[in-house]
Amino acid sequence: MPAYSTNEIRRIEEKWQRIWDERAAFKVERDPKKKKYYCLEMFPYPSGKIHMGHVRNYTIADVIARFKMMQGYHVLHPMGYDAFGLPAENAAIKNKTNPRDWTNSCMEEMTRELKRMGFSYDWDRELATCREDYYHWNQWIFLKMFEKGLAYRKKAVVNWDPVDQTVLANEQVTDGKGWRSGALIEKREIEQWFIKITDYAEALLRDLDKLDHWPERVKAMQRNWIGKSEGLELTFDVVDASGKKIDEIQTFTTRPDTVYGITYLVLAAEHPKVKEWTRGTPVEQKINAFVDETRRMSTIERMTEGKDKNGMALGKFFINPFTGDRCPLWVADYVLYEYGTGAVMAVPAHDQRDFLFAKKYDLPIKVVIHPQDENIDEKNMKAAFVEDGIMGESGDFSRIKNVEAKVKIADLAEKKKWGKRTVTYKLRDWLVSRQRYWGAPIPIYYDEQGKPHGIPEEQLPVVLPRDVQFTGSGNPLQSSREFAHYTDRKSGKKFRRETDTMDTFFDSSWYYLRFCSPKDFKQIFAKSDVDHWLPVDQYIGGIEHAILHLLYSRFFTKFLKDLGLVTFSEPFTRLLTQGMVLKDGEVMSKSKGNVVDPDAVISKYGADTLRLFILFAAPPEDELEWNAGAIDGSWRFLSRVWNLVEKSYQKKPSDLPAEPLDDDDRDLERERNVSIQKITDDFTQGFKFNTAISQLMILMNKIEKYQVGSVPRKQFLLNRAVQTVVKLLAPFAPHICEELWENMGGREKSISQVSWPLADEAAMERNVIQMVVQINGKIRGKFDVSPNLSEAQLKEIILRDEKIKGCLADQEIKKFIVIPNRLVSIVV
RNA sequence: GGGCAAGUGGUGGAAUGGCAUACACGCAGGACUUAAAAUCCUGUGACUGCAAGGUCAUGUGGGUUCGACUCCCACCUUGCCCACCA
């Protein structure tokens with residue numbers, strides 16, 4: 001065997017990648033007789049090159065998949081591409097080509113790179129969301145949602161990305177900037193397609209409790225995003241200056257206990273009543289100017305201006321039904337139109353935002369809740385009092401706890417029909433329209449009245465046209481003559497076709513189902529396949545998808561369950577969110593110029609070394625600092641395993657001679673079995689690959705020190721230990737292990753078919769253990785003793801010792817605590 | 001402002017109530033070599049001591065315990081997520 005050199009690594013890795021390909025080694029078919037395991041990583045956007053984040057994500061998944069295969073599971077481990085999206089369209093604009101060509105060449109390149117990493121994918125199941133046979137079913141799901149009233153059109157204020165010339169969902173706007181372009185987002189009003197995910201808000205929230213194997217962090221983020229709050233919707237009579245009722249206004253509050261402290265009421269700038277009530281009044285012009293200015297402000301401006309709140313009085317009033325008081329109505333920029341009713345009852349004494357606003361505009365402040373032991377005077381208030389306390393100035397509710405008042409006041413409001421208890425969510429309906437070409441066309445046409453109709457199911461897919469101009473502005477689909485009209489087959493009538501395409505999050509919300517029957521052209525998937533493989537046993541991906549992708553996928557699953565297409569309500573049983581890969585403390589990115597190309601690392605060290613290193617450097621969920629120096633250690637380790645097989649392993653099979661083992665033998669056997677146990681535990685209890693690998697290194701250190709001489713018994717034990725190393729290493733470094741297994745004369749075709757070893761409890765036992773002795777918490781001695789001695793026996797041995805005697809110095813022993821086989825603690 | 005993580009040698013990290021610093025990187029010394037690389041061996045938290053040893057050390061300050069990196073309380077720092085949500 002030649003040395004484990006760069007050339008040799010290349011030969012071995014190419015050889016086994018070819019063999020896996022030729023044998024379709026990881027192809028799986030449904031087999032009800034076997035235990036199934038569905039291991040899935042978040043499929044990539046085909047940007048052209050894989051980066052270290054992909055390498056880490058997919059290596060973690062591959063080790064899990066290969067481990068499960070060796071444990072005898074039938075593992076579904078597929079890969080595909082989330083292939084629609086803006087970068088392809090941008091490239092098309094730049095190169096004057098079709099996004100399809102750019103995307104196809106990127107996918108080809110990425111497939112080559114993924115194969116170079118030695119991942120155990122069933123490539124027969126590969127899919128790409130930009131292919132007709134995939135987005136056909138995207139459109140089919142959309143039609144089902146349309147039929148159920150979950151897909152609807154709404155004229156709405158939307159986030160307009162001036163760079164990408166498209167609309168973004170609330171979820172895709174971070175800090176007022178577009179999630180891809182980073183451009184400041186403007187507000188515009190257009191007819192858009194929405195998906196009514198809010199119908200599922202309660203189910204999405206409730207079922208988070210079922211996800212026992214999801215990180216708490218992700219569940220907390222989803223809870224926060226759904227943002228359920230329970231409160232009271234109150235309706236107030238609106239009156240003009242003369243006291244005549246002209247209208248009503250609804251507000252939402254989570255603090256019914258503060259209703260006696262209302263001193264004014266604020267509407268959001270977008271609220272239609274603002275303009276309606278001021279029309280033809282002296283303040284009309286000023287109000288209109290204020291409203292238009294506020295609405296023009298982008299989200300980022302509203303945020304940076306932060307605490308400075310602006311508003312204007314409307315010259316109209318409302319009646320507080322609890323007190324009969326008449327108070328003014330205002331419009332202000334600190335009220336969100338999208339949340340609750342878009343109007344809030346202001347209680348400046350008990351809400352910090354209302355407090356600041358009242359101070360600025362000199363509005364009255366009325367305290368109705370006091371702390372337990374003091375009375376607040378509104379004149380001296382520096383901030384709102386927002387804690388729990390005792391009610392005051394609140395009619396019949398005075399002098400009770402505000403927590404009780406909350407319930408009683410809500411009861412009263414419902415009894416008097418002033419309002420009703422309601423639940424609101426921060427979760428908004430999902431805006432799925434995109435004025436873009438490179439996405440799945442929304443399968444809709446409009447009749448003469450402009451009413452939307454679904455394209456008949458049998459005419460799907462609505463295929464993306466080719467006669468399209470990519471100029472960089474507007475929606476390219478509208479430049480196609482071929483696409484513009486839909487012709488009804490019966491009447492021959494022509495109708496205008498919808499030219500919006502779908503958000504790519506729509507595509508990625510159900511791909512894990514399509515992997516079960518990727519080549520079924522007659523239906524979205526075969527139910528029997530999905531029933532067999534789903535739910536996904538282990539899903540692995542980045543924390544950046546904690547909200548959007550995972551929430552949408554959960555929603556789709558629930559929707560498909562309601563359609564009777566699936567039987568489960570949650571798609572991913574276990575979720576692992578891997579940490580980011582950093583260089584010099586920062587996320588690797590092209591703009592920062594700190595990107596390490598995986599391809600270059602593979603060329604120098606091989607895929608096995610890269611895989612091993614990236615898992616050894618940190619636990620999967622932690623951030624990983626890329627340290628180019630430390631990778632040598634992983635390479636050296638593989639090299640040592642290689643040399644060990646070459647120098648010490650004897651292919652000639654032999655049986656273990658029936659003779660007793662000496663201390664060295666037992667030592668080796670113990671370490672071998674301890675390693676099996678420890679590594680299996682690390683796999684099953686949270687994928688602690690870094691400590692699993694260090695245990696393999698410990699085992700190697702032990703084997704290298706083991707002297708065989710020419711004793712057949714020792715040669716047998718060494719052989720067995722080497723075999724164990726190769727088996728335990730195989731999920732991490734599959735190429736070298738396949739090669740070694742073959743050279744060692746293994747009977748199996750592939751190391752992935754070898755059974756995962758089991759630990760022998762008896763071999764792990766020790767006949768001498770070290771007991772540590774503490775006196776008053778300080779370590780004063782160590783004793784080699786037989787295991788499981790009684791307290792009396794231990795006491796005799798320890799107290800006989802000269803050094804311990806010296807430390808005790810005839811003091812009285814108050815306590816003698818024994819932790820079996822570990823430690824003795826003496827208190828004097 | 002709210003929520004969730006995390007803070008351990010020169011570095012990545014290990015130990016989740018029981019010998020702090022496993023494993024690795026780096027560094028230093030040695031072997032082999034004409035030389036270098038590679039490889040192998042030895043050492044490597046700080047202070048103190050000729051040595052055996054001793055003392056101190058897991059962000060800071062308290063607490064619980066025979067015993068705390070680990071549990072509790074407060075604070076500091078960093079990271080991530082959310083944020084005018086009534």
Side-chain angles (χ1 to χ4, degrees), chain A residues 3 5 174-175 215-225 227-229 231-232 251-255 258 265-266 268 302-303 305-309 332-336 338-347 350-354 356-357 386 424-427 543-544 546-547 577 579-580 582 585 612-613 616-619 621-634 636-637 639-640 643 688 690-701 704 770-779 781-782 803 813-828:
Chain A
S5 64
T174 338
D175 294 335
E216 279 308 318
R217 185 151 85 109
V218 174
K219 288 193 276 184
M221 282 160 75
Q222 293 218 350
R223 268 189 207 103
N224 202 309
W225 192 260
K228 179 179 181 173
S229 55
L232 189 65
T251 64
F252 173 76
T253 183
T254 55
R255 296 288 308 270
T258 63
L265 197 152
V266 197
R302 281 205 194 187
M303 302 254 299
E305 294 198 8
K307 307 295 166 225
D308 188 30
K309 301 164 190 357
D333 59 3
Y334 77 95
V335 174
L336 303 174
E338 305 88 38
Y339 183 74
T341 61
V344 298
M345 46 174 249
V347 186
H350 304 293
D351 181 287
Q352 184 60 17
R353 295 154 300 182
D354 297 342
L356 291 171
F357 192 78
V386 294
T424 52
Y425 301 89
K426 291 181 198 172
L427 182 70
I543 187 75
E544 66 274 18
I547 299 172
T577 48
M580 302 218 238
L582 308 180
L612 194 69
F613 169 68
F616 182 54
E621 307 207 68
D622 288 9
E623 284 179 343
L624 186 150
E625 173 67 32
W626 184 263
N627 177 349
I631 196 168
D632 284 328
S634 296
R636 273 204 284 269
F637 175 69
S639 191
R640 274 167 58 203
N643 293 335
K688 290 179 271 180
N690 55 332
T691 51
I693 293 167
S694 76
Q695 183 61 44
L696 265 177
M697 290 171 169
I698 292 167
L699 177 57
M700 271 297 289
N701 292 344
E704 285 177 331
Q770 197 180 54
M771 289 295 280
V772 173
V773 177
Q774 287 184 346
I775 297 173
N776 283 350
K778 291 212 184 273
I779 294 151
K782 294 174 184 181
K803 196 181 161 223
I813 294 174
K814 286 187 186 150
K815 278 189 185 171
F816 191 89
I817 300 158
V818 179
I819 310 299
N821 296 339
R822 274 182 185 270
L823 173 137
V824 170
S825 185
I826 302 170
V827 187
V828 295

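Being a predicted model, the structure only gives us computed values, none of them experimental. Proteins come first, then strands; the chains are lettered A, B, ... in the order of their sequence lines, and each starts at number 1.
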J.: Just call it for A:E623: base, sugar-phosphate, or nothing, with non-hydrogen atoms closer than 4.0 Å on any strand.
T.: sugar-phosphate
J.: From the list B:rA86, B:rG13, B:rC19, which nucleotide is the closest neighbour of the side chain of A:A618?
T.: B:rG13
J.: NA contact type, A:G633, heavy-atom cut-off 4.0 Å: base, sugar-phosphate, or nothing?
T.: sugar-phosphate
J.: The side chain of A:R636 lies closest to which of these nucleotides: B:rG13, B:rA22, B:rC25?
T.: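 Closest nucleotide to the A:R636 side chain: B:rC25.
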J.: Give me the distance, rounded to whole Å, that separates B:rG9 from B:rG45 when you measure between the P atoms they each carry.
T.: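 That atom pair is separated by 13 Å.
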J.: Name the residue closer to the 5' end of RNA chain B, choosing between A:S825 and A:Q774 according to the nucleotide with the nearest heavy atom.
T.: A:Q774
J.: Which part of the nucleic acid, if any, lies within contact of A:I698, taking any heavy atom under 4.0 Å across all strands shown: a base, the sugar-phosphate backbone alone, or nothing?
T.: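 Since only primed, P, OP1 and OP2 atoms lie under 4.0 Å of A:I698, the category is sugar-phosphate.
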J.: What nucleotide, of B:rC19, B:rC66, B:rA86, holds the atom closest to the side chain of A:V827?
T.: B:rC66
J.: Using atom NZ of A:K815 as one end and atom P of B:rG67 as the other, report the distance to the nearest whole Å.
T.: 8 Å
J.: What integer number of Å spans the C1' atoms of B:rC50 and B:rU34?
T.: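 That atom pair is separated by 40 Å.
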J.: Nearest-Å distance, CH2 (A:W225) to P (B:rC4)?
T.: 19 Å
J.: Checking contacts here: which listed nucleotide (B:rC84, B:rC19, B:rA14) is nearest the side-chain heavy atoms of A:K309?
T.: B:rC84
J.: To the nearest Å, how far apart are A:L612 CG and B:rG13 P?
T.: 16 Å
J.: Fit a plane to each ring of A:F613 and A:W626, take the angle between them on a 0 to 90° scale, and name the class: parallel (under 30°), tilted (30 to 60°) or perpendicular (over 60°).
T.: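 The rings of A:F613 and A:W626 stand perpendicular, inter-plane angle above 60°.
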J.: Look at all strands and tell whether A:T424 reaches a base, only sugar-phosphate, or nothing, counting heavy atoms closer than 4.0 Å.
T.: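 Since no nucleic acid heavy atom lies under 4.0 Å of A:T424, the category is nothing.
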J.: Nearest-Å distance, CG (A:L696) to P (B:rA22)?
T.: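 Whole-Å distance recorded here is 18 Å.
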J.: Give, for atom OG1 of A:T258 and atom NE2 of A:H350, the distance between the pair rounded to the nearest 0.5 Å.
T.: 7.0 Å
J.: In whole Å, what is the span from the CD atom of A:E338 to the C1' atom of B:rC84?
T.: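 Checked: the CD to C1' distance equals 12 Å.
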J.: Rounded to the nearest 0.5 Å, how far apart are CG of A:N701 and CG of A:L696?
T.: 11.0 Å
J.: Are any of A:Y334's side-chain N or O atoms less than 4.0 Å away from OP1 or OP2 of B:rA86?
T.: no
J.: With C1' as the reference atom in both, quote the distance from B:rU33 to B:rU44 in angstrom, rounded to an integer.
T.: 27 Å
J.: Measure CG/A:D622 against P/B:rA5 and give the value in whole Å, please.
T.: 13 Å
J.: Can you tell me how far P in B:rC66 sits from the matching atom in B:rG13, rounded to whole Å?
T.: 36 Å
J.: Any idea which of B:rC23, B:rC4, B:rC81 is nearest the A:M221 side chain?
T.: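 Looking only at heavy atoms from C-beta outward on A:M221, the closest nucleotide is B:rC81.
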J.: How would you label the contact of A:N690 with the nucleic acid (heavy atoms, under 4.0 Å): base, sugar-phosphate, or nothing?
T.: sugar-phosphate
J.: Please round to the nearest 0.5 Å and tell me the distance separating atom NZ of A:K815 and atom CD1 of A:I826.
T.: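 Taking NZ in A:K815 and CD1 in A:I826, the distance rounds to 13.5 Å.
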J.: Quote, to the nearest angstrom, the P distance that separates B:rC27 from B:rA37.
T.: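 The answer is 12 Å between these two P atoms.
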J.: Can you tell me which stems RNA chain B forms when a stem means 3 or more consecutive Watson-Crick or G-U pairs under 3.5 Å?
T.: B:1-7 with B:76-82, B:10-12 with B:23-25, B:26-31 with B:39-44, B:45-48 with B:53-56, B:59-63 with B:71-75
J.: So what does A:A617 touch, heavy atoms closer than 4.0 Å: a base, only the sugar-phosphate, or nothing?
T.: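 Sugar-phosphate: the residue A:A617, judged by heavy atoms under 4.0 Å, touches backbone atoms but no base.
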J.: When the C1' atoms of B:rC56 and B:rG49 are considered, how many whole Å apart are they?
T.: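 Here B:rC56 and B:rG49 have their C1' atoms 15 Å from each other.
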J.: For B:rC73 and B:rA83, measure between their C1' atoms and round to the nearest Å.
T.: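 B:rC73 and B:rA83 have their C1' atoms separated by 28 Å.
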J.: Looking at B:rU39, I'd like to know if its phosphate oxygens (OP1 or OP2) sit under 4.0 Å from a side-chain N or O belonging to A:S639.
T.: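 The answer is no; no side-chain N or O of A:S639 sits under 4.0 Å from OP1 or OP2.
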J.: Could you say whether A:R255 or A:F616 is positioned toward the 5' end of RNA chain B, judged by the nucleotide with the nearest heavy atom to each?
T.: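 Between the two, 5'-proximity favours A:F616.
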J.: Rounding to a whole Å, what distance do you find between A:Q352:CD and B:rG2:P?
T.: 12 Å
J.: Could you tell me the separation between the CG atom of A:D632 and the C1' atom of B:rA38, rounded to a whole number of Å?
T.: 11 Å
J.: What contact category does A:V344 fall into here, base, sugar-phosphate, or nothing, at under 4.0 angstrom with non-hydrogen atoms?
T.: base
J.: OP1, OP2 of B:rC81 versus side-chain N and O of A:R223: anything below 4.0 Å?
T.: no
J.: Look at A:N701 and B:rA24 and indicate whether a side-chain polar atom (N or O) is within less than 4.0 Å of OP1 or OP2.
T.: yes
J.: In Å and rounded to the nearest 0.5 Å, what is the OG1 to CD distance from A:T577 to A:E544?
T.: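 Interatomic distance, A:T577 OG1 to A:E544 CD, rounded to 0.5 Å: 9.5 Å.
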J.: Rounding to the closest angstrom, what is the interatomic distance between B:rU78 and B:rA68 at atom P?
T.: 30 Å
